Amino acid sequence: MILSDGLRSLGAAVRLWVSPARVREEGTTPDYRFSLANERTFLAWLRTGLALVGGGFAVDQFLPRLHETLRLTCTVALLVAGGLCAVRAVNHWVRCERAMRRGEDLPVSRFPSVLALGVGVLAVAMVVLVALRRTG
C-alpha cells in the first residue's frame, strides 16, 4: 500500500516535470517576479550540473596518470552528481512553483548541503591525490 502510494506520487511529480502547464491548474498566479526568480534558480542548478559533468570529463581526460580505479571513481562521482543536480533542478522548480501558487512556504531541501559537502570532500581528495602523485 505504501509502495503503491509512493509510486503514484512519484508518477504525478514526473508528469509535472514534463508538462509544467499543469502547475498552472493549482492555486493562483503568483507575482511574475517570483516565478522568474524560481526559473533563474532552476537555471543556476542546471549550470551547476553541467559544471559537475564537465569536471567529470576533465578528471577523466587530464589526470591519466592517476590510478585507474581512483580516476574512474572520481569521474563517475562527478557525472552522477551532475545528473542528480539536473533532475533535482526540475523537481525543485516544480515544488517551489506549486508552493507559491498555493500560498505555502517554499519547500526546504538538504540537497544543496549534501552536494556542497560531496563536492568539497571530492575536491580535497583530488588535491591530496594529485599532490601525492607529484611528490611520489
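Worth knowing before you read on, the calculation uses all heavy atoms, side chains too, and leaves out hydrogens, waters and symmetry mates. Quantities reported herein were computed from a predicted structural model and do not represent experimental measurements.
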Student: Do Leu122 and Val114 land in one hydrophobic cluster if side-chain heavy atoms of ILVMFWY residues count as linked below 4.5 Å?
Tutor: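 Different hydrophobic clusters.
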Student: Could you check if a side-chain atom of Phe111 sits within less than 4.5 angstrom of a side-chain atom of Asn91, using non-hydrogen atoms only?
Tutor: no
Student: With Glu26 as reference, evaluate Arg95, Arg101, Arg98 under the salt bridge (charged side-chain N to carboxylate O under 4.0 Å, His left out) test and give the passing residue.
Tutor: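 Exactly one pass, corresponding to Arg98.
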Student: Show your working on side-chain contact (heavy atoms from CB on, under 4.5 Å) between Leu78 and Phe57 and close with a plain yes or no.
Tutor: CA-CA 8 Å; Leu78 286 165; Phe57 285 121; over 6 Å; no
Student: I need the Asn38 CG to Arg33 CZ distance, nearest 0.5 Å.
Tutor: 15.0 Å
Student: Roughly how far apart are Leu106 CG and Thr41 OG1, rounded to 0.5 Å?
Tutor: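 Going from CG on Leu106 over to OG1 on Thr41, the span is 9.5 Å.
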Student: Looking at every non-hydrogen atom in both residues, tell me the closest pair between His92 and Pro107 and how far apart they are.
Tutor: CE1-O, 4.2 Å
Student: Working to the nearest 0.5 angstrom, can you tell me the gap between Leu115 CG and Thr48 OG1?
Tutor: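 Here the interatomic distance stands at 7.0 Å.
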Student: Can Val59 be reached from Val76 by stepping across I, L, V, M, F, W or Y side chains whose heavy atoms are under 4.5 Å apart?
Tutor: yes
Student: Measure the spacing between CZ of Arg47 and CG of Leu52 and express it to the nearest 0.5 Å.
Tutor: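 Arg47 atom CZ to Leu52 atom CG measures 13.0 Å (nearest 0.5 Å).
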Student: Are Trp93 and Met100 grouped together when hydrophobic residues (ILVMFWY) are joined by side-chain heavy atoms under 4.5 angstrom apart?
Tutor: no
Student: If I compare all heavy atoms of Ala89 with all of Phe42, which pair ends up nearest, and what's the gap?
Tutor: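 Reported closest heavy-atom pair: O-CD1, 3.4 Å.
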Student: Tell me if the CG atom of Asp31 is crowded by more than 12 foreign heavy atoms within 6.0 Å.
Tutor: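 Yes, the 6.0 Å shell around CG holds more than 12 heavy atoms from other groups.
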Student: Drop me the distance from Leu46's CG to Cys85's SG, to the nearest 0.5 angstrom.
Tutor: 8.0 Å
Student: Are Leu72 and Val80 joined in one hydrophobic group, where the rule is that I, L, V, M, F, W and Y side chains link up if heavy atoms are under 4.5 Å apart?
Tutor: yes
Student: Mind listing the closest non-hydrogen atom pair of Arg71 and Leu63 along with its distance?
Tutor: CD-O, 3.1 Å
Student: Taking Val87 as the starting point, is it possible to reach Val90 by hopping between hydrophobic residues whose side chains are less than 4.5 Å apart?
Tutor: yes
Student: Step by step, would you call Arg102 with Thr28 a side-chain hydrogen bond (donor to acceptor under 3.5 Å, both in side chains)?
Tutor: CA-CA 7 Å; Arg102 293 175 176 174; Thr28 59; over 6 Å; no
